[in-house]
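Notes for the one structure printed next.
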Amino acid sequence: MAKPPSARRIKGVNVVGLARFLRARRKTTPLGHLSESAEALLEERILASEWYPFVPFLEIVQLTYKEVLGESEAKALEMGTAGGIQALGSYHKGFVRQNDPVGTLQLMRTAWPMYFDFGELSLEVESPRSAVFTLHGYDDVTPGHAGLIVGWHVASLIVSGAKNAKAQVLARPWVTAPRLSHRLSF
């Protein structure tokens, strides 16, 4: 049985870049209302290796998705890819196998519980240049967070040296599908 949102936690590494981005943006552009807990998380000094409550993080993601990205799934994917390239090219490079895209994707699957204390990624390798991730136990994933997740997987391929890394979302739980599923080709 899936954990309810109020019982979920995430690692700070998920928050650091987004909080920095929104704090900078706030200096020039007003942002919508955040709950007290989301506001506190946004302003807190986030430690990448610490666990934080999921609900305020998701609220920050949703605010970004709505107000900054214009509710664009494509822009959420771009944002996730950019953040993933930065993280996986530096402090998380241990999750990347150079010139081994499939090995890198397998590491993304096993890395999930290091960042989220809920949900599970399954990986089906379809061919030497294609694989499908399905996210179980997080069937209420939002479009904004899904874009960041899928973008991170695209980034892992790019950083590993894969050429022409692309993602195709196959199933969207916010529409009708039971869980998030996406194909990566490279």
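Numbers for residues simply follow the sequence, beginning at 1.
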What's the spacing between [X] [atom1] and [Y] [atom2] if we round to 0.5 Å?
| X | Y | atom1 | atom2 | value |
| --- | --- | --- | --- | --- |
| Leu88 | Lys93 | CG | NZ | 12.0 Å |
| Glu124 | Ser127 | CD | OG | 10.5 Å |
| Leu63 | Leu34 | CG | CG | 5.0 Å |
| Glu43 | Leu41 | CD | CG | 10.0 Å |
| Ser122 | Arg109 | OG | CZ | 8.5 Å |
| Arg129 | Leu157 | CZ | CG | 10.5 Å |

Hydrogens and angles aside, do [X] and [Y] bring a side-chain donor and acceptor to less than 3.5 Å of each other?
| X | Y | answer |
| --- | --- | --- |
| His145 | Tyr138 | yes |
| Gln62 | Thr142 | yes |
| Ser35 | Glu59 | yes |

Are any side-chain N or O atoms of [X] and backbone N or O atoms of [Y], one a donor and one an acceptor, separated by less than 3.5 Å?
| X | Y | result |
| --- | --- | --- |
| Gln86 | Thr81 | no |
| Ser130 | Glu126 | no |
| Arg9 | Ser6 | no |
| Thr104 | Arg97 | yes |

To check you understand the geometry: which heavy-atom pair defines the closest contact between [X] and [Y], and what is its length?
| X | Y | result |
| --- | --- | --- |
| Tyr65 | Gly144 | CD1-CA, 3.4 Å |
| Pro128 | Phe186 | O-CE1, 3.1 Å |
| Pro143 | Ala76 | O-CB, 4.4 Å |
| Leu105 | Phe133 | O-CZ, 3.3 Å |
| Asp140 | Pro5 | OD2-CG, 3.6 Å |
| Leu42 | Ala19 | CD1-CA, 3.6 Å |

If hydrophobic clusters are built by linking Ile, Leu, Val, Met, Phe, Trp and Tyr wherever their side-chain heavy atoms come under 4.5 Å apart, do [X] and [Y] end up in the same one?
| X | Y | answer |
| --- | --- | --- |
| Leu107 | Val159 | no |
| Trp51 | Trp112 | no |
| Val141 | Val132 | no |
| Leu121 | Val125 | yes |
| Leu170 | Leu77 | no |

Pairwise side-chain contact, [X] with [Y], heavy-atom cut-off 4.5 Å (strictly under):
| X | Y | value |
| --- | --- | --- |
| Leu184 | Gln168 | no |
| Glu120 | Thr134 | no |
| Arg179 | Asp139 | yes |

Is the Lys NZ or Arg CZ of Arg8 less than 6.0 Å from the centre of Phe118's six-membered ring, within 45° of the axis? yes

The side chain to side chain contact (heavy atoms under 4.5 Å, CB included) partner of Phe57 among Val61, Val55, Ile60 is Val61

Between the side chains of [Y] and [X], is the shortest nitrogen-to-carboxylate-oxygen separation below 4.0 Å, so that they form an ion pair?
| X | Y | result |
| --- | --- | --- |
| Lys11 | Asp117 | no |
| Glu39 | Arg26 | yes |
| Arg172 | Glu73 | yes |

Before we go on, tell me: are the rings of His92 and Tyr115 under 6.0 Å apart, centre to centre? yes

